[in-house]
Structures are given as C-alpha cells and as structure tokens.
Amino acid sequence: MRRTFDHLLGLPTAAALGVLAASGIVDVEVVPTAAPPRQKPCPEDAYRTPEGEEQGYASTRVIRVEEDGRRLIVARFLTGLWNQE
C-alpha cells in the first residue's frame, strides 16, 4: 500500500525532514525545483537565494513528495519582505 504525504506540502524543508525522520524515513533526497527563471526578474528576486533564506527573507518549502517520502521537491518562496521599513 502506498502512503500519501500530502501533510508535508507547504512545510519548510527542515520541518518536513523532521516529520519524515519521526516516521523512520531518514534517507531523503531534497531536490530544488527546476523551474525556469523569470523572463523579467523583479528586484525581490535578489532575496530568493540561500543568503536571503539565512536572513529570513525566504523559505524553502515542500511542493511535491515522491518515492513514498524519500524525495522532496522544494521551491524557495519569499516570506519576509512585507512590513519592512
């Protein structure tokens, strides 16, 4: 029987890995999405980077779960630019 992991969708990558580890799944491959870059980049894209994530401006989140939880497809979303002065 195949398990579903819909409850992981939208979670930050670290949180999803923690949930999987608690279920005994530890050999998880994390794959960034292969979406093409924007044709017309916007200034906020500068924050959608690993550095921006470290500073709290972005978050890598699960957008797809494959191979019964052994592969997570993730994308980086802007999360912290609003309400900045």
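Residue Pro32 comes nearest to Val30 through the heavy atom pair CD-O, 3.8 Å, listed as atom of the first residue, atom of the second, then distance.
For Asp27, the salt bridge (Lys or Arg N to Asp or Glu O under 4.0 Å) test picks out Arg70, with sequence neighbours left out. Residues satisfying the salt bridge (Lys or Arg N to Asp or Glu O under 4.0 Å) test with Arg76, not counting sequence neighbours, are Glu53. In this structure Glu29 satisfies the salt bridge (Lys or Arg N to Asp or Glu O under 4.0 Å) test together with Arg71, sequence neighbours excluded. Under the side-chain hydrogen bond (donor to acceptor under 3.5 Å, both in side chains) criterion, Ser59 pairs with Arg61, sequence neighbours left out. Ala75 is linked by a side chain to side chain contact (heavy atoms under 4.5 Å, CB included) to Thr33, Ile63, Phe77, counting only residues two or more places apart in sequence or in another chain.
Between Arg64 and Leu72 there is no side-chain heavy-atom pair separated by less than 4.5 Å.
One finds the CG atom of Asp45 at 13.5 Å from the NZ atom of Lys40 (value rounded to the nearest 0.5 Å). Here Phe5 contributes atom CZ and Ile25 contributes atom CD1; the two are 4.0 Å apart, rounded to the nearest 0.5 Å.
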I'd like a table of donor-acceptor pairs (distance under 3.5 Å, sequence neighbours excluded) in which one partner is a side-chain atom from residues 14-21, with atom names and distances.
none

Residue pair Tyr47, Leu78: steps toward the side chain to side chain contact (heavy atoms under 4.5 Å, CB included) verdict: CA-CA 7 Å; Tyr47 296 98; Leu78 291 176; 3.8 Å; yes
Intermediate values then yes/no, side chain to side chain contact (heavy atoms under 4.5 Å, CB included), Val31 and Val74: CA-CA 6 Å; Val31 181; Val74 300; over 6 Å; no
